[in-house]
K.L.:
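Sharing a structure, written as structure tokens. Questions coming.
Keep in mind it's a predicted model, so treat the numbers as computed, not measured.
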Amino acid sequence: MIHNTVSLSESTVLTAPSGLYIHIPFCLSKCPYCSFTSLPAPDEGLMDRYVEALCLELSRAASECPREPKTVYLGGGTPTMLSERQLSRLFAALHGTFRLPDHAEVTVEANPGTLDAAKARHLRDLGVNRVSLGVQSFDERFLRRLGRAHSTDDVSSALRALRDADFRNISLDLIYGLPGQSLEDWSADVTKGVEADPQHLSLYALSVEDGTPFA
């Protein structure tokens, strides 16, 4: 949760817009390049306890943070690992603690294998208006090398579910610099990403971090 004021001079002050970041540290499996805090295949009870702890943290943080954040971002991990019940509990605590402007951007990260039509509709009903989809590659070979738990068919299904749920702000993540990836392979991924017609593309270079299987 961040609120920064940066002094440029005695007469000029910039105030960064306030925003909330909420971390969901659960995934279907742990990718071999990932160094983020995340737990693979957690049980329902652990996720329930974590959601309750988050709700408590939101109420404690309210006295220290701006009460009207301009953005909310659920990252991970994979926030769409949470069940509809758990997501409802978390968003109830969020709206019970903070006042979100009508125009607030509310983003949830999702992996294609954890997003179906019912969950997409539920996210929309909760007020989520932007989804960041972790595609990483449109090539099955590189999805396997990255240890991803989804297929290219899952990507198509997730995009269809989001659009059917009336999401109009979709971002896709793609990774380049993969083992064995040629410039032509990367060009094909970017082309397919553009053809998917998202509102935003995030393009990342693969980074090999200490302590990961890739390292």
Side-chain angles (χ1 to χ4, degrees), residues 2 4 16-17 19-38 40 70-81 104-115 119-120 123-124 128-163 165-215:
I2 299 171
N4 285 331
L20 289 174
Y21 173 80
I22 300 173
H23 190 70
I24 308 297
F26 307 121
C27 286
L28 282 173
S29 59
K30 187 78 170 179
C31 297
Y33 60 88
C34 179
S35 62
F36 296 146
T37 300
S38 62
K70 300 299 187 293
T71 63
V72 177
Y73 193 101
L74 270 68
T78 307
T80 45
M81 283 287 292
E105 184 179 85
V106 182
T107 301
V108 168
E109 287 184 350
N111 282 342
T114 62
L115 187 66
K119 188 161 289 184
L123 289 173
R124 200 73 183 91
V128 178
N129 51 31
R130 181 174 182 269
V131 169
S132 177
L133 196 63
V135 175
Q136 316 312 356
S137 178
F138 288 94
D139 190 316
E140 296 286 355
R141 295 172 300 161
F142 297 112
L143 289 177
R144 290 193 296 272
R145 290 176 196 178
L146 287 170
R148 302 296 294 179
H150 70 269
S151 66
T152 54
D153 285 344
D154 291 329
V155 174
S156 298
S157 295
L159 285 170
R160 184 165 54 253
L162 289 172
R163 292 194 167 113
D166 200 31
F167 276 94
R168 301 179 184 181
N169 195 352
I170 300 171
S171 177
L172 305 183
D173 290 355
L174 296 173
I175 301 180
Y176 62 91
L178 307 180
Q181 185 183 48
S182 67
L183 183 58
E184 289 74 18
D185 293 328
W186 173 236
S187 179
D189 263 353
V190 173
T191 297
K192 289 177 181 177
V194 172
E195 289 174 347
D197 197 28
Q199 282 63 53
H200 183 260
L201 280 173
S202 291
L203 311 179
Y204 299 92
L206 176 69
S207 58
V208 178
E209 306 291 345
D210 290 343
T212 63
F214 267 21

K.L.:
Which residues pass the salt bridge (charged side-chain N to carboxylate O under 4.0 Å, His left out) test with Asp154, not counting sequence neighbours?
P.N.:
none
K.L.:
Can you tell me how the ring of Tyr176 sits relative to the ring of Trp186, calling it parallel under 30°, perpendicular over 60° and tilted otherwise?
P.N.:
tilted
K.L.:
So, taking the atom named CG in Leu201 and the one named CG in Leu172, what distance separates them when rounded to the nearest 0.5 Å?
P.N.:
5.5 Å
K.L.:
On a heavy-atom basis, which atom in Ala120 and which in Leu115 lie closest, and how many Å separate them?
P.N.:
N-CD1, 4.0 Å
K.L.:
Between Arg130 and Ile170, is there a donor-acceptor pair closer than 3.5 Å when you use the side chain of the first and the backbone of the second?
P.N.:
no
K.L.:
Flag the pair Leu159 / Val155 as yes when at least one side-chain heavy-atom distance between them is below 4.5 Å, and no otherwise.
P.N.:
yes
K.L.:
Pick from Leu123, Leu133, Asn129: which one makes a side-chain contact (heavy atoms from CB on, under 4.5 Å) with Phe167?
P.N.:
Leu123
K.L.:
Hey, is the main chain of Thr37 close enough, under 3.5 Å, to the side chain of His23 for a donor-acceptor pair?
P.N.:
yes
K.L.:
We want to know whether Gln136 and Tyr204 form a side-chain donor-acceptor pair, criterion being a heavy-atom distance below 3.5 angstrom.
P.N.:
no
K.L.:
Any side-chain to backbone donor/acceptor pair from Asp139 onto Arg141? Under 3.5 Å, distance only.
P.N.:
yes
K.L.:
Could you go through Asp153 and Ser156, starting from their C-alpha distance and side-chain angles, then the distance that decides it, and tell me whether this counts as side-chain hydrogen bond (donor to acceptor under 3.5 Å, both in side chains)?
P.N.:
CA-CA 5 Å; Asp153 285 344; Ser156 298; 5.3 Å; no
K.L.:
Side-chain contact, heavy-atom cut-off 4.5 Å: Asp173 with Val135?
P.N.:
no
K.L.:
Hey, does the side chain of Asp189 reach the backbone of Phe138 with a donor-acceptor pair shorter than 3.5 angstrom?
P.N.:
yes
K.L.:
What pair of heavy atoms forms the shortest contact from Gly177 to Gln181, and how long is it?
P.N.:
N-OE1, 2.9 Å
K.L.:
Does the His200 side chain pair with the main chain of Asn169, one donor and one acceptor, at a distance under 3.5 Å?
P.N.:
no
K.L.:
Please evaluate residues Asp197 and Arg163 with respect to the criterion side chain to side chain contact (heavy atoms under 4.5 Å, CB included), reporting the C-alpha separation (whole Å), side-chain torsions for both, the decisive distance (0.1 Å), and the verdict.
P.N.:
CA-CA 11 Å; Asp197 197 28; Arg163 292 194 167 113; 4.1 Å; yes
K.L.:
Whether the Thr107 and Glu109 side chains hold a donor-acceptor pair (N or O, under 3.5 Å, no angle test) is what I'd like checked.
P.N.:
no
K.L.:
If we ignore hydrogens and angles and just use 3.5 Å, is the side chain of Lys70 paired with the main-chain N or O of Glu105 as donor and acceptor?
P.N.:
no
K.L.:
Do you know which two heavy atoms are closest between Pro213 and Pro32, and how far apart they sit?
P.N.:
CD-O, 3.1 Å
K.L.:
Below 4.5 Å, heavy atoms only, C-beta onward: do His150 and Leu143 meet side chain to side chain?
P.N.:
yes
K.L.:
Among side-chain atoms of Thr152 and Glu140, is any donor-acceptor pair under 3.5 angstrom?
P.N.:
yes
K.L.:
I'd like to know whether Thr80 forms a side chain to side chain contact (heavy atoms under 4.5 Å, CB included) with Lys119, so could you lay out the CA-CA distance, the side-chain angles of the two residues, the decisive distance to 0.1 Å, and finally the verdict.
P.N.:
CA-CA 8 Å; Thr80 45; Lys119 188 161 289 184; 4.1 Å; yes
K.L.:
For Ser202 and Ser132, run side chain to side chain contact (heavy atoms under 4.5 Å, CB included): C-alpha distance rounded to whole Å, both residues' side-chain angles, the deciding distance at 0.1 Å, then the answer.
P.N.:
CA-CA 9 Å; Ser202 291; Ser132 177; 5.7 Å; no
K.L.:
So, the side chain of Arg124 versus the backbone of Val128: is there a donor-acceptor pair under 3.5 Å, distance only?
P.N.:
yes
K.L.:
Quick one: does Thr71's side chain get under 4.5 Å of Val106's, heavy atoms only?
P.N.:
no
K.L.:
Taking side chain as C-beta onward, heavy atoms only, is Leu206 less than 4.5 Å from Phe214?
P.N.:
yes
K.L.:
I need the Arg148 CZ to Cys34 SG distance, nearest 0.5 Å.
P.N.:
8.5 Å
K.L.:
Quick check for you: to the nearest 0.5 Å, what is the distance between Arg168 atom CZ and Leu162 atom CG?
P.N.:
13.5 Å
K.L.:
Give me the atom names and distance for the closest heavy-atom approach of Ala149 to Ser29.
P.N.:
CB-OG, 3.9 Å
K.L.:
Could you tell me if the side chain of Ser35 sits less than 4.5 Å from the side chain of Thr212, heavy atoms only?
P.N.:
yes
K.L.:
Distance alone, cut at 3.5 Å: any donor-acceptor contact between the side chains of Ser38 and Lys30?
P.N.:
yes
K.L.:
Working note: Ile24 + Thr78, criterion side chain to side chain contact (heavy atoms under 4.5 Å, CB included); need CA distance, chi angles, decisive distance, verdict.
P.N.:
CA-CA 6 Å; Ile24 308 297; Thr78 307; over 6 Å; no
K.L.:
Looking at Ser187 and Leu183, would you say the former's side chain and the latter's main chain have a donor-acceptor pair under 3.5 Å?
P.N.:
no
K.L.:
With a 4.5 Å cut-off on side-chain heavy atoms, are Tyr33 and Val208 touching?
P.N.:
no
K.L.:
How close do Gly193 and Leu174 get, counting heavy atoms only, and between which atoms?
P.N.:
CA-CD1, 4.5 Å
